[in-house]
Amino acid sequence: MSKNPSRTPSVSEKRKQEELRRQKEQQRNKIIGGVLIVLVVAAVFFLWNRNNGETSSGTEIIDERPLAAIDPAERNDYFSEAPPMTIDTAKDYEAVIRMADGGEMRLRLFDDEAPQTVNNFVFLANQGFYDGTTFHRVLEDFMAQGGDPTGTGGGGPGYAFDDEIIPGMSFDRRGLLAMANSGPNTNGSQFFITFAPATHLDGSYSLFGELVEGDDVLGGITLRDPAAATTPGDTISEIVIVEQ
């Protein structure tokens, strides 16, 4: 008599088969669970980096900052000509203005739209030109102006360069960074940050950046009319450049 290949498994064999199936299922579930955890962690890490890219990415440019070692007033007319183009417009640049009282403002620079102006600002910042200078002119509902090594409103780096007016760009909001000047094509080192829309400035001042962090610090800068002030303005500890 031949053996029956379709013999019904015994009870003990069924139990062994069920236990083996259960173990394989548990192992598969553990693998799937582990993969899901890895994917979730990776997704969280990616989103965190994307949402915090403006504040955590990039490399702070560390230069010797030679002018930081001399008194700000001695930096007045220190240079004889505007700096050569050294920034890479394929990269992104930000400026971090650190105040002596500990506050900090972070501004995105428009290097694609205003490369000459951004290059000048980056150069002066990396030289330490702005370290220890003040916001010498701060007018309510208008702007905070700094960048003068003498703190009087009449100082500068010793050279002037042409305006860089961005077509279609308007002083239509708070937190815009632009060059101060005494007329067309007289840009040097002085800059200002708007407190409010100032569309009457459109077409006359080189706009080259925008505040992305530190609005509370901007709002906390002490008001100062240079014509009547008896004390110096709020001091800038340093301006550092972040390259991304």
Side-chain angles (χ1 to χ4, degrees), residues 49 52-76 78-79 82-136 138 143-149 151 155-157 161 175-180 187-194 206-222 232-244:
N49 272 314
N52 292 277
E54 289 184 341
T55 60
S56 62
S57 62
T59 301
E60 186 175 307
I61 298 176
I62 306 297
D63 279 351
E64 294 183 2
R65 310 177 74 85
L67 297 187
I70 67 176
D71 187 84
E74 296 179 23
R75 304 170 199 162
N76 190 48
Y78 191 87
F79 301 100
M85 182 64 65
T86 58
I87 64 169
D88 181 355
T89 55
K91 298 181 179 180
D92 295 323
Y93 292 88
E94 293 182 344
V96 181
I97 301 178
R98 293 173 177 156
M99 303 298 293
D101 64 4
E104 185 172 292
M105 292 178 284
R106 193 177 189 100
L107 300 106
R108 180 172 62 90
L109 303 181
F110 302 153
D111 57 289
D112 289 333
E113 297 84 354
Q116 181 181 8
T117 307
V118 170
N119 182 74
N120 177 74
F121 191 78
V122 168
F123 169 77
L124 292 176
N126 288 339
Q127 288 288 310
F129 186 90
Y130 294 121
D131 296 9
T133 60
T134 65
F135 279 104
H136 63 274
V138 186
M143 56 87 206
Q145 183 173 334
D148 175 8
F161 64 95
L176 293 176
L177 172 67
M179 295 300 295
N187 303 288
S189 60
Q190 294 192 43
F191 62 89
F192 64 89
I193 307 171
T194 58
S206 299
L207 199 164
F208 69 100
E210 181 174 21
L211 186 74
V212 294
E213 281 186 21
D215 185 73
D216 57 330
V217 177
L218 176 64
I221 298 175
T222 304
D234 292 356
T235 301
I236 296 170
S237 175
E238 63 178 359
I239 297 180
V240 297
I241 303 299
V242 176
E243 182 181 79
Q244 300 177 334

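In this chain, residues are counted from 1 in sequence order.
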Visitor: Out of curiosity, Phe161 CZ to Asn120 CG, how far, rounded to the nearest 0.5 Å?
Guide: 4.0 Å
Visitor: Using the test side-chain contact (heavy atoms from CB on, under 4.5 Å), find all partners of Asp101 that sit at least two apart in sequence or belong to another chain.
Guide: Met99
Visitor: Is Asp234 reaching over with its side chain to a backbone N or O of Ile221, donor-acceptor style, under 3.5 angstrom?
Guide: no
Visitor: Under a 4.5 Å cut-off applied to non-hydrogen side-chain atoms, are Val242 and Arg106 in contact?
Guide: yes
Visitor: Please check this pair: side chain of Asn76 against backbone of Pro149, looking for a donor-acceptor N/O pair closer than 3.5 Å.
Guide: no
Visitor: Test of understanding: with salt bridge (charged side-chain N to carboxylate O under 4.0 Å, His left out), list the residues that count as partners of Glu74, not counting sequence neighbours.
Guide: none
Visitor: Only counting residues at least two apart or in another chain, list the ones meeting side chain to side chain donor-acceptor pair (under 3.5 Å) with Glu238.
Guide: Arg98
Visitor: Out of Asp88, Val118, Val122, which residue meets the side chain to side chain contact (heavy atoms under 4.5 Å, CB included) rule with Asp111?
Guide: Val118
Visitor: So do the side chains of Leu109 and Leu177 get within less than 4.5 Å of each other, counting heavy atoms only?
Guide: yes
Visitor: Please round to the nearest 0.5 Å and tell me the distance separating atom CD1 of Ile239 and atom OG1 of Thr133.
Guide: 6.0 Å
Visitor: Listed by chain and number, what are the ring-ring contact (aromatic ring centres under 6.0 Å, His included) partners of Phe79, not counting sequence neighbours?
Guide: Phe123
Visitor: Ignoring hydrogens and geometry, is there a side-chain-to-backbone donor-acceptor pair from Gln190 to Gly155 under 3.5 Å?
Guide: yes
Visitor: When rounded to the nearest 0.5 angstrom, what is the spacing between CG in Asn126 and CG in Leu67?
Guide: 11.0 Å
Visitor: Using side chain to side chain donor-acceptor pair (under 3.5 Å) as the criterion, list what pairs up with Ser189, not counting sequence neighbours.
Guide: none
Visitor: Asp92: which residues meet the salt bridge (charged side-chain N to carboxylate O under 4.0 Å, His left out) condition with it, sequence neighbours left out?
Guide: none
Visitor: Mind checking what makes salt bridge (charged side-chain N to carboxylate O under 4.0 Å, His left out) contact with Glu113, not counting sequence neighbours?
Guide: none
Visitor: Could you list the residues that satisfy side-chain contact (heavy atoms from CB on, under 4.5 Å) with Asn119, not counting sequence neighbours?
Guide: Pro83, Met85, Thr86, Ile87
Visitor: What residues, two or more places apart in sequence or in another chain, satisfy ring-ring contact (aromatic ring centres under 6.0 Å, His included) together with Phe121?
Guide: Tyr130, Phe191, Phe208
Visitor: Check side-chain contact (heavy atoms from CB on, under 4.5 Å) between Glu210 and all other residues, then give those that pass, not counting sequence neighbours.
Guide: Arg108, Phe110, Arg173, Leu176
Visitor: Can you name the residues that form a side-chain contact (heavy atoms from CB on, under 4.5 Å) with Pro66, not counting sequence neighbours?
Guide: Glu64, Gln127
Visitor: Is the shortest heavy-atom distance from the side chain of Val217 to the side chain of Glu104 under 4.5 Å?
Guide: no
Visitor: Would you check if the side chain of Arg75 reaches a backbone N or O of Asp148 as a donor-acceptor pair within less than 3.5 Å?
Guide: no
Visitor: Can you list the residues that meet the salt bridge (charged side-chain N to carboxylate O under 4.0 Å, His left out) rule with Asp112, with sequence neighbours excluded?
Guide: none
Visitor: Of the options Val240, Ile236, Leu218, which is the one that meets Ile97 in a side chain to side chain contact (heavy atoms under 4.5 Å, CB included)?
Guide: Ile236
